[in-house]
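We name chains A, B, ... by the order of the sequence lines, and we start the count at 1 in each one. Remember, predicted model here, so these are calculated numbers, not experimental data.
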Amino acid sequence: MSETADDDADETLMLAYAAGDASAFDRLYARHKGALYRYVLRHCANAAVADELFQDVWMNVIRVRASYLPAARFGSWLFTLAHNRIVDHWRASGQVKMVPLDDDDETVAPSALVSPSRDEPDARASASETSARLRAALAGLPPLQRDAFLLHQESGLSLAEIGHLTGVGVETVKSRVRYAVTRLRAALPGLGEHA
Amino acid sequence: MTADREPIDPALDAMLRENPAETPPAHVDAAILAAAHRAVASAPRAYSRRHWRVWLPLGAAATVAAVVIGLHPLERQAPQSLPASDVPVTAAAVQSGATPDRSNAATTPVNPQPAAAANAQSHAAMSPARPASAPVRAAPRRDEAAAESAAPPARLEAPANARDAPGAASAQRASEAGVTSKQASREVRVGDAIERIRALRRDGREVEAAAALVQLRETVSDADARLPPDLRDWASAVRR
């Protein structure tokens, strides 16, 4: 039974899924899987780990469907789940020591966070050199800057929503994104050729 | 696109956009979609659950109202004087044409069935007998007493001279007890819900525990305040 149209809002689809309409989930998944996967993958720089975390996020969506309330945009809720899952992954892997929110503090060595994918079979088989360069450059960012940049890039959320999701103010989000862009441009020579 | 969403760096944005094949593998897609379909196929429909949440309180309120209304007539059944027409008559009285006598009401047989036959014959022109399942009224008339064979005996006795003060008081006590017991049962249900939440958390079923808390919040306005200390911290993090 499907009473939702293709142009239904995400929140409508999620509520329909919670009410038992599996096809609503199919549409929701198709809309958001790409952006969410890129967000997770570019955090992990390891496809196998990214697949696992990506799947965990959606399993969480499925599990809590009954208690879903459209108090905020679905996208904001979805990326909040993803962000939290990634933070949990960092904690569990011991790769991150929690630091104060003023993340310009460089005490966390970026290279310790996400190992570049140079030695990963996925990277060697990667269809795109650009992709490998990009992932390496992202891996070199401090995690909070990378997170702010990827949320801005992939989630479709406003800076205010990203700030709410990550627990910081809008100006901090802007600062993190700007800093990330500066470092990425420095790490990606020839970037201007893609403009 | 608002200024908030404009690409900060067009060149970098273009590089990110052109990046191919950053999509989940097919086996991951399949696993997620299969899990999503299994979850709703095996769960009871939320449609019925939501409607249950809506209709159960209404049903309970209607039941309480029916009980109160049903008990209320017992309070007014002080038979100071019943109209003659309301006094059940015996078959003998009908045959003899005797006028219904209130003084005989106390000895009027409780069982309305003999009177039913007489009444049905002699009062066929009057309003039709109601089915046995019809709701009981405060002062059943002769023509209705026949049909209300399921009515409690006390209602049909209606002794003319007996003052039903004890009955009225007991009815009132029953009503009050009903309200008190309703409150008590409600407290028990809240307690049960809290224990269920605690048990779910103990078993690591956090999502179900959160769903149970949400449901409790919908039932009780001060649900969080009723939680024991060991659950309050967790509850504060549960999405409302």
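Remark: E154(A) engages R42(A) in a salt bridge, criterion side-chain N to carboxylate O under 4.0 Å. R73(A) has no carboxylate O lying under 4.0 Å from a charged side-chain N of D10(A), or vice versa, which leaves the two without a salt bridge.
Taking chain B as the reference chain and counting heavy-atom pairs below 4.5 Å, the highest number among N60(A), D51(A), V61(A) is found for D51(A).
F54(A) and Y37(A) have perpendicular rings, their planes meeting at more than 60° on a 0 to 90° scale where under 30° would count as parallel.
In this structure, R27(A) fails the cation-pi test against Y29(A), since its NZ or CZ atom is not both closer than 6.0 Å to the six-membered ring centre and inside 45 degrees of the ring normal.
The part of F149(A) that comes within reach of chain B is its side chain, from C-beta onward, which places non-hydrogen atoms under 4.5 angstrom from that chain. Of the two parts of A210(B), neither the backbone nor the side chain holds a non-hydrogen atom closer than 4.5 Å to a non-hydrogen atom of chain A.
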